[in-house]
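Reviewing the structure listed below.
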Number of protein chains: 2
Amino acid sequence: MAITTGTGQRPTIRMVAELAGVSTATVSYVLSGRSGDGGPRVSDPTADKVRSAAEKLGYRPNQAARAIRTGRTNTVILSLTMLSDPWSLSVIEAVQRAAAPLGITPMILGDAEWVKVLGTHNADAVFVDAVGERDRDEPRRLAAHGTTLVVFDELLEPAGFDVIRSIAGPGCGLVMAHLLDGHRNIGCLTTSTASGSRGAPRYLAYVEALGAAGIPVQEDYVGVFDGTSAGAYATATRLLGQRDRPTALYVTSDYAAISAINAAQRLGLTVGQDVDIIGVGNTVEGERMSPSLSTVGPVDLFDRLARLLLQRATGTGPDAEPGVLDFPWQLFVRESAPHRGAATRLY
Amino acid sequence: MAITTGTGQRPTIRMVAELAGVSTATVSYVLSGRSGDGGPRVSDPTADKVRSAAEKLGYRPNQAARAIRTGRTNTVILSLTMLSDPWSLSVIEAVQRAAAPLGITPMILGDAEWVKVLGTHNADAVFVDAVGERDRDEPRRLAAHGTTLVVFDELLEPAGFDVIRSIAGPGCGLVMAHLLDGHRNIGCLTTSTASGSRGAPRYLAYVEALGAAGIPVQEDYVGVFDGTSAGAYATATRLLGQRDRPTALYVTSDYAAISAINAAQRLGLTVGQDVDIIGVGNTVEGERMSPSLSTVGPVDLFDRLARLLLQRATGTGPDAEPGVLDFPWQLFVRESAPHRGAATRLY
DNA sequence: CTGTTAGCGCGTTCAG
DNA sequence: CTGAACGCGCTAACAG
């Protein structure tokens, strides 16, 4: 039984050693499980004495002290800029899944604090999801000073750190090509039409593809919403509710596309037949819904990201040299926007 | 100028001392700013030598080592169960705002890992947003072993840790009383009607208030949605789109209420006139929108929570004894559901 | 007034 | 199984 009231102070390995009547070295060997495995053998009775003393005191080894000696913290840091973005949640989930069996704890850093924090707080590996304009050189400097880094960026080159690359532009072109093979009245639902914004390249792909096909961009076929799913629903309702509605909808995120499908269904339209809807991002939610969402995006991004990060953290990876992990985007043709050859064209 | 390529190893205070030609003590005094303040004074030339050596090496003091000596990590941990919930984001933002000027870094712990993690990873203070059934005794044990804890819970009593309390039930009763003073056809938009779920007490308040007023609960006045804002929008559209629509809508979260207002407006209804809509939670978003959202909720919860947490972390608080920080819920009557006396009753 | 020596507090780990 | 050194940065006490 553990003592339930304490001194207000944290028990140390010395207290455990004293209570068990052994040396701190023995306690360390027993509790870190290193007895036998290269370290000295500790007899069962002694080990039991140590364990019961530790439990009695509620002893937990101090990770900070351990880190000083071993250089390992059993921690990975995730620096995530947009915590409200479902993308961030997917990263967190994947890393948590991968880290739990290894006894590694993922800690999340909001904002862009990594620039200040990472030099002083240590972790076995760090994932950074966005490198600002002013910090382009920071990853290299941190890596040079011993920080194990995995950076998500479209342009940065590896230099002692890994780079994860997932470029949207060409993939969005694939989507438009797919829709253009069967449709001419293609609407677009997007968060932003302004250049420079994050969604910009996705919208640009729409404009360019239409232009290349000789189709003018119609104002009432482009719906800009505020980023919320309710906004997407409302804007999709407007686009699809008009008399001369588009026969296909290109939506610049899977989450918005799911809202658009709901909106279409509420309008009495059969998605994948009366109207084709396609998203961007390749999220699991889109794959699992009904009708399943056609989309484009990287394959298995989050799990592979998590795997790399934890390989780096534990030092168990196959390739020692940091490099680029590229995620080319693929088109996933599913029910919400099936294939339409010229033969099966509806109009 | 900082050297930009390094050894792959982290520079230590000893390397800085050697490069500057001084002792490690001097380096420590200079870099921690403690020279003069009780400690020895260091001459300007020496201090400059130290600083330039430190910068040349890219030296950053090791927080883990510092923590061992000082017992302070300059870190607070936020253990947040539902990272996708806007509530969590509000906590994070408030704590980040409060922590930044103090040089304290908030680290976020997803899931319910705090039970395993907190004994070994140290922070100056920890916030826990939900204590599961199996862990009711953990906060007391952690506190007894030196962890500074602030727990969000409706029932737990302080025992070496602080408790933040914010009870929804009575507040939701206030909302219903407000609506019942002018309405009889009151609809409800909620995520769950099942007892035991998180939203349950909020829905219960609806049922009980109607019952007390002798009004039966109509099935077509209750809309259950999936928790997404698109779902709220769609369900609100259904509730308000029917012939015999409710004249007031009680929505069990502010975020859903905002979606409901959008839905009502799209249906051509004037909110606050044709239909009253009221939320739960008292979020800033509701306050700032137009029409402003009537709601009920705690006042200033996030900022006061952040303030308490950081007082505990720095040990600067006024009251030394941990206790209960209670947030009684208040009714905020704004434009989306204004006052309606018997005199101004619409029906 | 300026700087150093030496020991502390952790848990780990090598040589006995 | 133990003694003692080790890694880190901090800081009281001391020396110039």
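Heavy atoms only: backbone and side chains are in, while hydrogens, waters and symmetry mates are out. Quick note on labels: first sequence line is chain A, next is B, and so on, each numbered from 1.
Looking at heavy-atom distances under 4.0 Å, B:S43 makes contact with sugar-phosphate atoms alone, never a base. Using a 4.0 Å heavy-atom cutoff across all strands shown, B:V22 reaches sugar-phosphate atoms only and no base atom. Within 4.0 Å of A:T26, counting heavy atoms only, lies at least one base atom of the nucleic acid.
Annotation: B:E113, atom CD; neighbour count of heavy atoms from other residues, nucleotides and ligands within 6.0 Å is above 12.
Mapped onto DNA chain D by nearest heavy atom, A:T24 and A:P45 fall at different nucleotides, with A:P45 at the one closer to the 5' end.
We find that CG of B:D44 is positioned 14 Å from P of C:dC1, with the value rounded to whole Å. With rounding to whole Å, A:R41 atom CZ is found 17 Å from C:dG16 atom C1'. The interatomic distance linking B:I13 (CD1) with C:dT5 (C1') rounds to 14 Å, in whole Å. Note: CG (A:N122) to C1' (D:dC8) measures 11 Å, nearest angstrom. Between A:Q63 atom CD and C:dT12 atom C1' the separation is 13 Å, expressed in whole Å.
Among the nucleotides C:dT12, C:dT4, C:dG3, the one closest to the side chain of B:T46 is C:dG3. The listed nucleotides are C:dC10, C:dT12, D:dG9; the one nearest the side chain of B:R66 is D:dG9. Listed nucleotides: D:dG3, C:dG11, D:dG9. Nearest to the side chain of A:A65: C:dG11. Taking every side-chain heavy atom of B:N62 into account, D:dG9 is the closest of C:dT13, C:dC10, D:dG9. Comparing D:dT2, C:dT4, D:dG9 by their nearest atom to the side chain of B:R14 picks out D:dG9. Closest contact between the side chain of A:A25 and the listed nucleotides C:dT12, D:dC10, D:dT2 involves D:dT2. Checking D:dG9, C:dT12, D:dT2 against the side-chain heavy atoms of A:S32 singles out C:dT12 as nearest.
Judged by distance alone, the side chains of A:H121 and B:T75 do bring a donor and an acceptor atom under 3.5 Å apart.
Residues B:R304 and B:F327 share a closest heavy-atom pair of NH1-CE2, 3.4 Å. Across all non-hydrogen atoms, the minimal contact from B:A99 to B:P106 is CB-CG, 4.0 Å.
Between B:L83 and B:I108, some side-chain heavy-atom pair lies under the 4.5 Å cut-off.
Counting atom types as modelled, A:Y29 pairs a side-chain N or O with a base atom of C:dC14 as donor and acceptor under 3.5 Å.
The distance from atom OG of A:S23 to atom CD of A:E18, rounded to the nearest 0.5 Å, is 12.5 Å.
Contacts of residues 67-74 of chain A with DNA chain C (heavy atom under 4.0 Å): A:R69, A:T70.
Relative orientation of the B:W87 and B:F302 rings is perpendicular, given thresholds of 30° and 60° on the angle between their planes.
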